[in-house]
Amino acid sequence: MLFNSIEFAIFLPIVFLLYWFVFRSSLSMQNAFLVLASYFFYGWWDWRFLSLIFISSLVDYTVGLNLAHKEHKRTRKLWLFLSIAVNIGFLGFFKYYNFFLESFVEAYTFLGQPIHVGMLNILLPVGISFYTFQTLSYTIDIYRRKIHPTRDGVAFFAFVSFFPQLVAGPIERASNLLPQFLNNRVFDQGKAIDGMRQILWGLFKKIVIADNCAVYVNDIFANYQDQSGSTLFIGALLFAFQIYGDFSGYSDIAIGTARLFGFNLMQNFAFPYFSRDIAEFWRRWHISLTSWFRDYLYIPMGGSRRPLLIVIRNIFVVFLVSGFWHGANWTFLFWGLLHAFYFIPLLLLNMNRKNLDVVAKGKMLPGLKEFLAMSLTFLLVVFAWIFFRAENIVQAFEYASGIFSRSLFSLPAISSLELYILIVLMLIAEWLQRDKQHALHFDGIAIPLWGRWLVYYVVVCCIIWFTGEQQEFIYFQF
Amino acid sequence: MKIFILKTIWFFLTILVIVSGIFGITFMLASKRASNIKLDQDIHTLICGDSHTKTALNDSIIPNALNIAHSSEHYMYTYSVLKTLLANNPQVTTVILGMSYHNLSSFYDDYVFVRSKTKYMYPRYATVLTIQALPLIMSHNFEGLVVDFKDIYHGVYRHVNAEDLQDFSFIGWFYKSNRKNKNDTTISRAIGTHYFKAERELYGISTHQLSFLAKISQLCNKMNVRLILINCPLSPDYTSRVPEVFLEYYNDMKSEYGQYILDVHDFHLPDSCWGDGDHLNLSGSIVFSNYLKRALDSIAQ
């Protein structure tokens, strides 16, 4: 069920009330209830895939326990390999089987030796890219002796299947989330209220911004050959806001929902479009995934503590794998490759860790240099999004080259003033709150009660009034 | 915890009250405007139904007639429109309603219960929908009501200041079709749409269509209005492919509605008169409407 659906609007309060009123006396009952609710939530998409998440959870729970008891290095490696094989195996089969097969066939055809292989009609289980990485981080951290495994099977299953973050993240680390299942949760009104605010802001970004942008983006990308350069540029720009509204909106709803149940999930987006360089962008966009690749791929390969050429190789590998994680298409690989090329110069000039603090901290507006840096970074990101959104590599290149034509300076075909104003209002709200968790994070700000409620009502009215054509969350396809 | 729950309930309740209040006031104003629709005094015949009557019955030929048919109009909507118009227009003495084989098919219920279709229908008819329609819609398509609330509100709002007949979205009109596409492809497409779901599974008979047809009949009886259920011309190629179950059911209905039915589905027309396999074009509507004019005169006598 989508977060912005009637079913979820009914599901959430029921689960909330049962969780805090019926099951709160027993931690294990509360966790068991969460497992039940989460499996129900996941099964709503397709009950057939419950077996996958169950098997993945069972394997990693077992692997975790055995890794703790085994001392022999080879044995421990074998257990870890089992976990990796199962999780990556599931991912590889469901997500990449047909891609590799098609590419294999195309390569042979290109070489003049066409072959015919039957494709499998494989459904991609929702959230598989997220929960497999989450459970992998558990077993890898145990292998590295960074954490101890849990014997509490129910808590572990709840950690893997926790419904707010199950289908599209944040990809949680066991060291952060698992202890929260092992300790009693106490209802915190302040946390719950802020959770509701975050859900509200997430719904605004998803329903008002992302879904309304999607209408234009879908039309422009579907008919890109007939559009002017300026319209194509607007299309890419709107996609940048669509994917941001969609994904960060989902993350906000997930984090806000988790807080209603007393859980703290990691921040997944930290206002990435205010980044001053690409390195900062990747510290602010899909934080849970980039930190996962940093900790489980980049650093094990040596990270930055190797000769320069090896470091560059590591950067390329991480970005390519990150691109590939998003989908079985050459466009995603190219998108990752582009970002690697964006990143390398910063690394070579030792400027990749320059902008660590909030932009224009303590100031209302950015300086000229900061503004130009943000604009350039944003434009580079928008250009890369073209490859992310396009159906195939040929379309992506044609789209991109279509922008850079004389018609770039003509009036664009899209003139939705309402949408532009809404995007600007969102950016203003997020700019003003750029040092907070989310735009409606009012803790520590002296706003009277009536003022806060007025803001909430305005946001709700915007959601009701500007409801766009309902679109599925983009990241569900990953 | 209790304070949090109370605050949350209060928050959502306030929104519900405000939104309901705004919608309620708008609906009342629009409803009042719709209920005061006065047709020309010389309009004695209303032509209703879907695209079949919309294209076949030319109201500039049939005397004292007004064609208010809309494409894909379910009888639930037709009933709502008729109830509104007949209440304030006693000069109307005859209602000609399209009733053909496809009107019996439950594919029509998609226009009442399936969001991909109702998002166009609800805004059009919301102002006049009868109280019987609401529980039906809420039980089958509550999500459609909520998700398309904004469009429904816009649909109602535009009637608040409606002046002329064409300002009311639920009032249809005669469509002058210029098409000449009677061929196997268009006939196959129509048959597939009207009678078969995906995978060639047959649609059933729509109980909702039958129920609202009965209500229309009762309404006309109550308002002393003559009801004529017309099976507009259909090409033989189309009729030959209508599934048997719908042909049989239609024939059975003649025993229930016999005195009302004017079955002219086999009215002969040359190919040039067909827009496609089950719709007439302008030429066809002229020929057929002239015939119907004579037929109505003889019925009146």
Side-chain angles (χ1 to χ4, degrees), chain A residues 1-2 4-10 12-14 16-22 24 185-197 199-200 203 207-208 211-212 256-257 259-262 418 440 449-450 452-471, chain B residues 1-27 110 112-124 126 134-158 160 198-199:
Chain A
M1 57 186 90
L2 294 176
N4 56 324
S5 67
I6 305 283
E7 294 90 359
F8 188 72
I10 296 169
L12 183 60
I14 293 172
F16 175 83
L17 289 170
L18 288 172
Y19 177 85
W20 286 116
F21 285 101
V22 176
R24 71 169 167 189
R185 272 91 57 184
V186 177
F187 182 77
D188 180 326
Q189 182 170 277
K191 194 192 256 184
I193 290 172
D194 197 56
M196 293 286 284
R197 289 188 201 128
I199 291 170
L200 183 62
L203 286 171
I207 295 171
V208 176
D211 287 355
N212 281 303
T257 304
R259 298 182 86 190
L260 290 176
F261 294 88
E418 244 175 32
L440 295 183
L449 180 69
W450 67 264
R452 294 201 300 272
W453 279 58
L454 181 64
V455 170
Y456 306 152
Y457 283 132
V458 166
V459 174
V460 168
C461 286
C462 285
I463 291 171
I464 294 172
W465 196 254
F466 294 110
T467 297
E469 188 67 38
Q470 193 181 42
Q471 312 279 335
Chain B
M1 164 79 77
K2 284 188 179 118
I3 296 171
F4 169 75
I5 292 172
L6 283 170
K7 274 186 178 176
T8 307
I9 293 172
W10 177 246
F11 177 78
F12 285 109
L13 213 59
T14 318
I15 292 168
L16 196 65
V17 166
I18 292 171
V19 168
S20 304
I22 293 172
F23 184 80
I25 292 169
T26 310
F27 180 81
D110 288 356
V112 177
F113 301 136
V114 174
R115 199 197 150 232
S116 58
K117 305 226 166 52
T118 60
K119 64 181 179 180
Y120 305 109
M121 295 293 166
Y122 290 171
R124 185 193 286 172
L134 202 56
L136 204 58
I137 290 171
M138 286 186 74
S139 59
H140 287 82
N141 190 23
F142 182 72
E143 184 167 0
L145 271 181
V146 172
V147 173
D148 294 321
F149 176 77
K150 185 187 79 177
D151 291 332
I152 294 170
Y153 176 79
H154 279 146
V156 172
Y157 182 77
R158 63 184 278 202
V160 170
E199 312 290 316

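All figures in this text were calculated on a predicted structure; none of them were measured in a lab. So you know, we letter chains A, B, ... as the sequences are listed, proteins then strands, and number each from 1. Hydrogens, waters and symmetry mates play no part in the numbers below; they use all other heavy atoms, side chains included.
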Validation: residues 3-10 of chain B side-chain donor-acceptor distances under 3.5 Å, sequence neighbours left out:
| residue | atom | partner | partner atom | Å |
| --- | --- | --- | --- | --- |
| Thr8(B) | OG1 | Phe4(B) | O | 2.7 |

Residue pairs, two or more places apart or on separate chains, that pass side chain to side chain donor-acceptor pair (under 3.5 Å) and touch residues 12-27 of chain B: Tyr457(A)-Thr14(B), Thr26(B)-Tyr153(B)
Rounded distance (nearest 0.5 Å) linking atom CG of Leu17(A) with atom CE of Met1(B):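 Answer for the CG-CE pair, Leu17(A) versus Met1(B), is 8.0 Å.
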Between NZ on residue Lys2(B) and CZ on residue Phe21(A), distance to nearest 0.5 Å: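 Nearest 0.5 Å value for the NZ-CZ distance: 6.5 Å.
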Heavy atoms of other groups near Tyr157(B) OH, more than 12 under 6.0 Å: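 No, because the 6.0 Å sphere around OH of Tyr157(B) holds 12 heavy atoms or fewer from other groups.
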More than 12 heavy atoms of other groups within 6.0 Å of Tyr120(B) OH: no
For Val147(B) against Thr467(A), the heavy-atom pair lying closest together: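 Distance-wise, the nearest heavy atoms are O-CG2, 4.1 Å.
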Ile6(A) versus Glu143(B), closest heavy-atom pair with distance: CG1-CG, 3.7 Å
Interchain contact, Ile10(A) with chain B, by part (heavy-atom threshold 4.5 Å):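 Nothing of Ile10(A), per the 4.5 Å heavy-atom cut-off to chain B.
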